[in-house]
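Throughout, residue positions are numbered sequentially from 1 according to the sequence presented. Values in this document were obtained by computation on a predicted structure and should not be read as measured data.
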Amino acid sequence: MISKKIFLFLIILFFQINHIISSEIKIVVKVNSEILTNLDIENESKYLLILNTNLKNLNKNELYELSKNSLIRQILKREEIEKYFKLEENSELGDKLLKENYTILGFDNKEKFTDFLKKEGFSIENLKEKLLIERLWNSLIYEKFKNKIKIDETEIKNKITKFINDQEKIYEYNLSEILFDLNTDYNQLIDFKDKYGFEAAASKYSISDTSTSGGKIGWIKSNNLAEILRKQISKLNEGEISKPIEIPSGNLLIKLNKKRELENEINFDLEIKKQINVEQNRQLNSFSLNFYKKIKQNSIINEY
């Protein structure tokens, strides 16, 4: 009699547990053959909040959508990367990227960084994989498109010579960006920016890889910028945002975070190398955006 009661109790408990689990875990989206649940989305939200604390200002639905799209992007990149690389064979590179990451964030060692991530409810191995995917994606883009990069060294030399001869002041700008698709509702973007801030808007609307860091570009010398950008930025005060600038990849909003004047001395040969590198990265970013768009268009993404 007792055994029957225990058996009945276990059956009831089993169905209760299953009901609880099914009510908590839901399939949100299927990306090709990979399924994402609401728990995956929540975990991605933790990651994005670590990268950009300004996202805490978003409402629950906005953060949810942002996290879902971020995960979709990561899955599609990973699937493409795995055609050429094996993540497990690049573990040392992942460890190196982790060290670079926690050093930039001000942590002395991996243990302290691991403890910090645990408190935030995020796994260091998960972060390592994310960093590795982005680095290998960049390597893949370079290998696929390096022969399509076109650099006009003569034009660069002439540009630097003119800059020196005109004796223009050299400024260094700390910039952030939002590169948005032509189909994006600009008024909606601006309303969102006014409500939640530029960094949150970059995370939501920008199609650039800088979106994961709130659109942060960092410090760039004025003479390393394209003329159209330099003219727009030179008119801005710190904290101001440019009007939309049309470029091949879409429309660009630039925010001037800080500005400082530099010594008007240029090492001609070194400057040539720097500007070649800037132009190469600009073209690679464009190739990366277009390649990702193509992958996404050819993928099967079903939301539930």
Side-chain angles (χ1 to χ4, degrees), residues 16-31 33-79 81-82 87-88 90-137 176 192 195-206 209-216 301 303-304:
Q16 286 178 334
I17 291 173
N18 272 317
H19 175 72
I20 292 171
I21 291 174
S22 63
S23 64
E24 291 182 350
I25 302 177
K26 299 177 181 177
I27 296 175
V28 174
V29 60
K30 185 177 180 183
V31 184
S33 62
E34 185 158 348
I35 291 173
L36 294 177
T37 69
N38 56 319
L39 295 184
D40 295 319
I41 306 298
E42 288 175 17
N43 202 38
E44 185 70 5
S45 297
K46 294 174 184 177
Y47 166 67
L48 294 177
L49 288 168
I50 291 170
L51 287 181
N52 185 359
T53 55
N54 292 294
L55 296 181
K56 291 180 180 178
N57 297 324
L58 297 182
N59 63 45
K60 187 176 180 180
N61 290 335
E62 291 288 356
L63 183 58
Y64 178 88
E65 286 298 314
L66 181 62
S67 302
K68 179 183 68 178
N69 292 330
S70 176
L71 265 181
I72 290 172
R73 184 165 56 247
Q74 178 185 310
I75 289 170
L76 293 178
K77 284 185 175 182
R78 189 188 68 214
E79 287 182 349
I81 286 168
E82 289 178 337
L87 293 180
E88 61 272 16
N90 287 274
S91 182
E92 289 186 11
L93 174 59
D95 290 333
K96 180 182 177 182
L97 295 173
L98 265 181
K99 186 174 182 180
E100 291 176 358
N101 189 263
Y102 69 66
T103 301
I104 291 172
L105 292 174
F107 290 88
D108 296 331
N109 53 57
K110 184 177 177 180
E111 287 70 28
K112 290 182 179 179
F113 189 48
T114 301
D115 290 340
F116 163 75
L117 291 177
K118 282 183 179 179
K119 290 178 182 177
E120 298 296 325
F122 198 75
S123 161
I124 195 166
E125 287 303 316
N126 199 337
L127 176 59
K128 177 179 174 180
E129 180 179 305
K130 288 178 177 293
L131 295 173
L132 192 54
I133 287 171
E134 284 303 314
R135 177 60 62 88
L136 293 178
W137 172 265
S176 295
F192 187 90
K195 185 175 182 180
Y196 295 111
F198 188 91
E199 291 76 13
S203 297
K204 177 176 175 61
Y205 288 100
S206 184
D209 288 339
T210 59
S211 63
T212 54
S213 59
K216 294 177 183 176
I301 302 174
E303 298 193 29
Y304 302 95

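Leu51 has its side chain out of reach of Ser213: every pair of non-hydrogen atoms, C-beta onward, lies at least 4.5 Å apart. You'll find the side chain of Asn52 stays beyond 4.5 Å of the side chain of Lys216, heavy atoms only. By the 4.5 Å heavy-atom criterion applied to side chains, Lys68 and Glu303 are counted as neighbours.
Every pair passing ring-ring contact (aromatic ring centres under 6.0 Å, His included) that includes a residue from residues 40-59 is listed here, sequence neighbours excluded: Tyr47-Phe122. Every pair passing salt bridge (Lys or Arg N to Asp or Glu O under 4.0 Å) that includes a residue from residues 42-63 is listed here, sequence neighbours excluded: Glu44-Lys130, Glu62-Lys204. Here ring-ring contact (aromatic ring centres under 6.0 Å, His included) pairs that include residues 51-70, with residues two or more places apart or in two chains, number zero.
Remark: Glu120 pairs with no residue by the salt bridge (charged side-chain N to carboxylate O under 4.0 Å, His left out) rule, at least two apart or across chains. Residues passing the salt bridge (charged side-chain N to carboxylate O under 4.0 Å, His left out) test with Asp40, sequence neighbours excluded: none.
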task: For side chain to side chain donor-acceptor pair (under 3.5 Å), just list the numbers for Asn61 and Asn59, CA-CA rounded to whole Å, side-chain angles, deciding distance to a tenth of an Å, and then say yes or no.
output: CA-CA 6 Å; Asn61 290 335; Asn59 63 45; 5.0 Å; no
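A side chain to side chain donor-acceptor pair (under 3.5 Å) with Lys112 is found for exactly one of Asp108, Asn109, Asp115, namely Asp108.
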Between side-chain atoms of residues 92-102 and protein atoms elsewhere (two or more places apart, or another chain), which donor-acceptor pairs fall under 3.5 Å?
residue, atom, partner, partner atom, Å
Asp95, OD1, Lys128, NZ, 2.9

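Rounding to the nearest 0.5 Å places OH of Tyr196 at 9.0 Å from CG of Asn57.
Under the 3.5 Å distance criterion, with hydrogens and angles disregarded, a donor-acceptor pair is assigned to the side chains of Ser67 and Ser45.
Salt-bridge annotation for Arg78 and Glu34: present, with a side-chain N of the basic residue lying under 4.0 Å from a carboxylate O of the acidic one.
Heavy atoms from other residues, nucleotides or ligands lying under 6.0 Å from CG of Leu105 number more than 12.
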